[in-house]
There are 2 protein chains.
Amino acid sequence: MNHNHTELFFLLKQVDLQLTQLFDDKLDISLTRYEIMRLLHHEEAVTQTYLQRKLMINQAAITRHVKVLETKELLKRVRNPDNNREVLVTVTSKGKDLLDQCELSKVTMMHQLFENYTDEDIDFVINFLHSLKSASRHMLDQEEEQT
Amino acid sequence: MNHNHTELFFLLKQVDLQLTQLFDDKLDISLTRYEIMRLLHHEEAVTQTYLQRKLMINQAAITRHVKVLETKELLKRVRNPDNNREVLVTVTSKGKDLLDQCELSKVTMMHQLFENYTDEDIDFVINFLHSLKSASRHMLDQEEEQT
DNA sequence: GATTTATAATTGACGTATCAACAGTTGACT
DNA sequence: AGTCAACTGTTGATACGTCAATTATAAATC
């Protein structure tokens, strides 16, 4: 049984590395940046902390991604006048266009990858991963409290 | 349906990032390096190309990891006298000791993470990921052939 | 109001992955 | 034996994640 668990850890890494690369190759934007743009698309304006909480990656990484996306004019950043610690991030029309342009490539790629799976299969794996994410998050938080 | 698939991509990344960090925190060795050591443990001597094929990460990354592990005396490298292009990699007794020392921490962590899942659940997810890995590998290889 | 604590974002340093280029070697062919 | 293609490993540069330290600001406390 231990063998399966160790196998699962590294298998997740392998799959992630490959899917991330495939995504970038097909859509010409990284998976993380795409997720940032997608989150912005559904909101008026968000803080970088919101992005961090949603994506569960380090604040520093958010800053770096957001700065690059701003340089590409895909989003705008402005200090929040109501709270000068916060930076508000909003999608530009150019950013919305990019998401639209990505849609066909994305759907084609997803179809090619997932055509052999049922919705139930995929939902099962998603639920599995969600609970695994929570469990590992919990264990990491426990470590923090002990220091 | 698209929503589930996009969600799955980034969810895999989040889970991988967290599990990788948890693994490192608990065992004090990175997941990739642990896998290298584990592969060496089961073989007499292997080439770096063997490691690359097994782990499915870039050759450059293998070289860098193996060099560090050699510095730590966990493995040895020697040119293959039968083929001077190849470097043969073997585990040291210190390396074997390290794997032994990791075992308890690893089992404890795995138990904590997976105690709520059945073997069937885990096997299902592993099979799912294996086929997803193959599908993405196939799509990436197709890209290469077109260039 | 003054002080302390907490928060948000940024920057530097580092680890680990990728690609590209390279050096040296082997295998296939003439 | 000479040439070319393929192979193996290495190195430099880059991307992207982490942690730690920092700056500025808001919130909490006295």
Side-chain angles (χ1 to χ4, degrees), chain A residues 10 12-25 28-36 45-72 75 77-89 136 140 143-144 147, chain B residues 10 12-25 28-36 45-53 55-72 75 77-89 140 143-144 147:
Chain A
F10 203 74
L12 278 166
K13 174 174 285 299
Q14 287 173 327
V15 171
D16 175 49
L17 285 174
Q18 285 186 176
L19 290 183
T20 296
Q21 189 175 17
L22 184 62
F23 192 96
D24 200 326
D25 290 348
D28 200 33
I29 180 172
S30 75
L31 179 57
T32 303
R33 288 189 187 163
Y34 179 84
E35 282 296 299
I36 289 171
V46 298
T47 61
Q48 287 184 197
T49 301
Y50 171 87
L51 292 174
Q52 184 207 7
R53 269 192 277 105
K54 281 291 186 177
L55 299 181
M56 290 174 81
I57 64 174
N58 193 272
Q59 183 72 251
I62 298 289
T63 294
R64 292 191 169 111
H65 282 300
V66 163
K67 284 182 78 169
V68 171
L69 290 169
E70 188 184 34
T71 301
K72 292 168 183 279
L75 58 81
R77 293 194 299 169
V78 64
R79 277 284 156 186
N80 181 359
D82 297 330
N83 182 341
N84 268 297
R85 288 171 303 180
E86 295 180 345
V87 170
L88 293 177
V89 187
S136 56
L140 285 166
E143 283 179 9
E144 258 187 55
T147 61
Chain B
F10 202 74
L12 278 164
K13 174 174 286 300
Q14 287 173 329
V15 172
D16 175 49
L17 285 174
Q18 287 187 177
L19 290 182
T20 296
Q21 188 175 19
L22 184 63
F23 192 96
D24 201 326
D25 289 350
D28 201 34
I29 180 172
S30 76
L31 179 59
T32 303
R33 288 192 185 159
Y34 179 85
E35 281 297 297
I36 289 172
V46 298
T47 61
Q48 287 184 200
T49 302
Y50 171 86
L51 292 175
Q52 183 207 9
R53 268 192 275 106
L55 299 181
M56 291 173 78
I57 64 173
N58 192 271
Q59 184 73 249
I62 298 289
T63 295
R64 292 190 169 107
H65 282 299
V66 163
K67 283 182 79 169
V68 172
L69 290 169
E70 188 184 33
T71 301
K72 292 169 184 278
L75 58 81
R77 295 194 298 170
V78 64
R79 276 286 157 187
N80 181 359
D82 297 330
N83 181 343
N84 269 296
R85 286 173 301 184
E86 295 178 344
V87 170
L88 293 177
V89 188
L140 285 167
E143 283 180 9
E144 260 186 54
T147 60

Novice: Quick check on DNA chain C: between A:Gln21 and A:Glu86, whose nearest nucleotide comes earlier from the 5' end?
Specialist: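 Upstream on the strand: A:Glu86.
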Novice: Out of D:dA20, D:dT25, C:dG24, which nucleotide sits closest to the side chain of B:Arg85?
Specialist: C:dG24
Novice: Categorize B:Thr49 for me: base, sugar-phosphate, or nothing, with a 4.0 angstrom heavy-atom threshold over every strand shown.
Specialist: sugar-phosphate
Novice: Round to a whole Å and report the spacing from CG of B:Leu17 to P of C:dG15.
Specialist: 18 Å
Novice: The side chain of B:Arg33 is closest to which nucleotide in this list: C:dT16, C:dA9, D:dA26?
Specialist: C:dT16
Novice: Between the side chain of A:Glu35 and the main-chain N/O of B:Phe10, is any donor-acceptor distance below 3.5 Å?
Specialist: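 No; zero donor-acceptor contacts below 3.5 Å.
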Novice: D:dT8 phosphate, OP1 or OP2: any side-chain N/O from B:Asn83 under 4.0 angstrom?
Specialist: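 Checking B:Asn83 against D:dT8: no side-chain N or O falls below 4.0 Å of OP1 or OP2.
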Novice: Counting only heavy atoms not in B:Asp28, do more than 12 sit closer than 6.0 Å to its CG atom?
Specialist: no
Novice: Of the nucleotides D:dT10, C:dA9, D:dT11, which one has an atom closest to the side chain of A:Thr47?
Specialist: C:dA9
Novice: Taking CG from A:Asp24 and C1' from D:dC16, how many angstroms apart are they, rounded to a whole number?
Specialist: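 Distance, rounded to whole Å: 11 Å.
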Novice: So does B:Lys67 get a side-chain nitrogen or oxygen closer than 4.0 Å to the phosphate oxygens (OP1/OP2) of D:dT11?
Specialist: yes
Novice: Side-chain N or O of A:Gln59 less than 4.0 angstrom from OP1 or OP2 on C:dA9?
Specialist: yes
Novice: Please report, rounded to the nearest Å, how far the C1' atom of C:dG15 is from the CD1 atom of B:Ile29.
Specialist: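 Nearest whole value for this atom pair: 14 Å.
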Novice: Should B:Arg77 be listed as having a side-chain N or O under 4.0 Å from OP1 or OP2 of D:dT10?
Specialist: yes
Novice: Which whole-number value in Å describes the distance from A:Gln52 CD to C:dT7 P?
Specialist: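 Rounded to whole Å, this separation is 12 Å.
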Novice: Could you check how far CG of B:Leu31 sits from P of C:dT16, rounded to whole Å?
Specialist: 11 Å
Novice: Check whether any side-chain N or O of A:Arg77 sits under 3.5 Å from a backbone N or O of A:Leu88 as a donor-acceptor pair, and report yes or no.
Specialist: no
Novice: Ignoring backbone atoms, establish whether B:Thr63 has a side-chain N or O less than 4.0 Å from OP1 or OP2 of D:dT10.
Specialist: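 Yes.
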Novice: Quickly work out the B:Ile36 CD1 to C:dG15 P distance and round it to whole Å.
Specialist: 16 Å
Novice: Return whichever of A:Asn58 or A:Lys13 has its heavy-atom-nearest nucleotide of DNA chain C closer to the 5' end.
Specialist: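 Nearest nucleotide further toward 5': that of A:Asn58.
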Novice: Could you check which of D:dT8, D:dT18, D:dG12 has an atom nearest any side-chain atom of B:Arg64?
Specialist: D:dG12
Novice: For a quick test of reading the model: is some side-chain N or O of B:Asn84 closer than 4.0 Å to OP1 or OP2 of D:dT8?
Specialist: no
Novice: Considering only C:dT18, C:dT16, D:dC19, which nucleotide approaches the side chain of A:Ala60 most closely?
Specialist: D:dC19
Novice: Provide, to the nearest angstrom, the distance between the CD1 atom belonging to A:Ile57 and the P atom belonging to D:dA15.
Specialist: 16 Å
Novice: Just how far is it from atom CD of B:Gln52 to atom OG1 of B:Thr47, taken to the nearest 0.5 Å?
Specialist: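 B:Gln52 CD to B:Thr47 OG1: 9.5 Å, rounded to 0.5 Å.
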Novice: Donor-acceptor pair, B:Gln48 side chain versus B:Glu86 backbone, under 3.5 Å?
Specialist: no
Novice: Of the non-hydrogen atoms in A:Leu55 and B:Gln14, which two are nearest, and what is the gap between them?
Specialist: O-NE2, 2.8 Å
Novice: Measure CD/A:Glu35 against P/D:dC16 and give the value in whole Å, please.
Specialist: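 Nearest whole value for this atom pair: 15 Å.
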Novice: Taking OP1 and OP2 of D:dT10, is either one under 4.0 Å from a side-chain nitrogen or oxygen of B:Gln48?
Specialist: yes
